[in-house]
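Working notes for the structure below.
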Amino acid sequence: MFAWPLDEDLSLIFLRPEMSTELFTLCRDNRDYLGQWLPWPPLLRHVDDMGLFIRHAIEGFARGESLHCALEYQGEVVGAIAYNQIDRRLGVVVIGYWLAERWQGKGIITRACRALIQHAFEQMGMEKVAINTAVDNQASRAVCERLGFQLEGINRNAERLQRGMVDHACYGLLRAEWQQREPRG
């Protein structure tokens with residue numbers, strides 16, 4: 001099992017089939033909260049749906065197209081983070097994440113994003129990291145801004161959620177910008 005400890009409290013755990021029930025239960029218990037910002041929580045109806053997602057995530061990793069990990073905070077799975085897309089030709093990765101409501105405000109997503117950004121630039125040789133989030137999702141937008149991302153534009157009617165169409169704030173961070181912000185050890 002791939003586990004990447006980020007600090008004493010937080011680790012990234014590569015998704016594996018035996019996590020289906022735990023992740024399904026977390027999503028089910030946070031369906032309304034997550035559904036405010038993501039299209040898939042209302043569609044996740046059975047543990048087998050999560051199992052299928054995990055299988056597709058593992059296949060995407062094998063093809064070099066994505067990397068999906070659970071967020072484990074103080075020994076408990078609290079959400080997930082991913083390179084949803086890896087485009088080696090362009091040198092761009094797109095990060096996506098979700099976190100159960102109870103765990104909001106603890107810096108979990110910021111710390112996990114920082115690790116993925118550093119990995120993308122320093123180990124993968126990427127030129128850009130992108131994050132797209134609903135315009136009204138102020139918590140997610142604050143993560144982007146804390147990490148030095150630039151708002152590159154608004155993609156109108158980018159996603160259909162239960163409440164209707166939402167616009168996306170499209171953020172980007174270039175390698176040179178990251179290197180200026182993060183001192184190298």
Side-chain angles (χ1 to χ4, degrees), residues 3-15 23 26-27 30 32-41 66-87 90-156 158-159 161 163 166-185:
W4 180 10
L6 303 183
D7 57 40
E8 63 278 354
D9 291 325
L10 182 60
S11 295
L12 305 184
I13 309 294
F14 186 75
L15 292 186
L23 282 168
L26 185 64
C27 290
N30 286 271
D32 291 339
Y33 175 74
L34 296 173
Q36 295 175 81
W37 311 117
L38 300 166
W40 54 264
S66 61
L67 170 65
H68 293 263
C69 295
L71 293 163
E72 186 179 74
Y73 182 73
Q74 298 179 344
E76 184 175 343
V77 173
V78 298
I81 191 164
Y83 294 135
N84 284 332
Q85 298 170 4
I86 300 172
D87 186 330
L90 289 177
V92 176
V93 295
V94 180
I95 293 178
Y97 45 80
W98 61 269
L99 186 67
E101 184 173 19
R102 171 177 168 219
W103 302 102
Q104 298 287 319
K106 298 184 182 304
I108 293 169
I109 294 297
T110 300
R111 290 173 3 226
C113 281
R114 184 175 285 117
L116 285 186
I117 293 164
Q118 183 174 357
H119 179 263
F121 290 138
E122 295 179 11
Q123 273 73 50
M124 298 174 69
M126 294 289 123
E127 294 298 327
K128 179 179 177 178
V129 176
I131 297 176
N132 303 313
T133 183
V135 167
D136 296 336
N137 188 341
Q138 294 304 317
S140 191
R141 292 186 72 172
V143 167
C144 296
E145 291 162 11
R146 242 188 322 277
L147 291 169
F149 282 73
Q150 300 297 311
L151 179 63
E152 295 181 335
I154 303 297
N155 184 5
R156 299 179 302 153
E159 194 165 45
L161 304 180
R163 61 187 164 105
V166 295
D167 298 344
H168 276 182
C170 303
Y171 285 90
L173 179 65
L174 302 179
R175 176 200 294 266
E177 295 165 340
W178 177 256
Q179 290 171 338
Q180 288 174 355
R181 285 182 55 93
E182 297 296 315
R184 298 180 129 185

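Quick note: numbers below take in every heavy atom, side chains included, and nothing from hydrogens, waters or symmetry partners.
Taking 4.5 Å as the limit, some side-chain heavy atom of I95 sits within range of a side-chain heavy atom of V129. Proximity of N155 to C170: side-chain heavy atoms (C-beta onward) are separated by under 4.5 Å at one or more points. Contact annotation: the side chain of I81 approaches that of C113 to within less than 4.5 Å [non-hydrogen atoms, C-beta and beyond]. Within the 4.5 Å cutoff, no side-chain heavy atoms of V135 are placed close to those of V166. Counting only heavy atoms from C-beta outward, the side chains of C27 and W98 approach each other to under 4.5 Å.
Between L34 and P41, the closest heavy-atom pair is CB-CG, 3.6 Å. Nearest heavy-atom pair, I131 versus C144, reported as atom, atom and distance to 0.1 Å: CG2-SG, 3.6 Å. Heavy atoms only, all atoms of each residue included: A112 and L10 are closest at N-CD2, 4.1 Å. Listed here is the closest heavy atom pair of L23 and G79: CD2-O, 4.3 Å. Residues A115 and W4 share a closest heavy-atom pair of O-CH2, 3.4 Å. Nearest heavy atom pair, residue E152 against residue G172, reads OE2-CA, 3.6 Å.
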Decide side chain to side chain contact (heavy atoms under 4.5 Å, CB included) for L71 and I108; before the verdict, give the C-alpha distance in whole Å, the side-chain angles of both, and the deciding distance to 0.1 Å. CA-CA 8 Å; L71 293 163; I108 293 169; 4.2 Å; yes
Test side chain to side chain contact (heavy atoms under 4.5 Å, CB included) on M126 and V92; report intermediate values, then the result. CA-CA 6 Å; M126 294 289 123; V92 176; 5.6 Å; no
Run the side-chain hydrogen bond (donor to acceptor under 3.5 Å, both in side chains) check on Y83 and H68 step by step: do they pass? CA-CA 6 Å; Y83 294 135; H68 293 263; over 6 Å; no
Between L67 and F14, does the side chain to side chain contact (heavy atoms under 4.5 Å, CB included) criterion hold? Intermediate values first, please. CA-CA 8 Å; L67 170 65; F14 186 75; 3.7 Å; yes
I would like to know whether M124 and L116 meet side chain to side chain contact (heavy atoms under 4.5 Å, CB included); could you show each step before the answer? CA-CA 10 Å; M124 298 174 69; L116 285 186; over 6 Å; no
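Taking CD from Q36 and CG from N137, the interatomic distance works out to 8.5 Å, rounded to the nearest 0.5 Å. Going from atom CG of L90 over to atom CD of E127 covers 10.5 Å, rounded to the nearest 0.5 Å. A distance of 7.0 Å separates CG in L38 from CD in E159, rounded to the nearest 0.5 Å. For the atom pair NE2 (H168) and CG (N132), the distance works out to 6.5 Å, reported to the nearest 0.5 Å. Taken from CD in Q150 to CD in E145, the straight-line distance is 9.5 Å, to the nearest 0.5 Å.
S140 and Y97 share a donor-acceptor pair across their side chains, judged by distance under 3.5 Å alone. Side-chain polar atoms of R146 and T110 form a donor-acceptor pair below 3.5 angstrom.
Within a 6.0 Å sphere centred on CG of D9, other residues, nucleotides and ligands contribute more than 12 heavy atoms. Heavy-atom contacts from other residues, nucleotides or ligands closer than 6.0 Å to CZ of R156 number 12 or fewer.
With hydrogens and angles disregarded, no donor-acceptor distance shorter than 3.5 Å links the side chain of R114 to the backbone of L147. Remark: the backbone N or O of G125 is paired with a side-chain donor or acceptor of R175 at under 3.5 angstrom. N30 contributes a side-chain N or O that, together with a main-chain N or O of L26, makes up a donor-acceptor pair within less than 3.5 Å.
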Donor-acceptor pairs under 3.5 angstrom involving side-chain atoms of residues 99-106: please list them, not counting sequence neighbours.
unit_1	atom_1	unit_2	atom_2	d
Q104	OE1	Y33	OH	3.4
Q104	NE2	Y33	OH	3.2
Q104	NE2	L99	O	3.0

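The pair K128-E177 does not count as a salt bridge, with every side-chain nitrogen at least 4.0 angstrom from each carboxylate oxygen.
In this pair, F121 and W178 present their aromatic rings tilted. The plane angle is within the 30 to 60° band.
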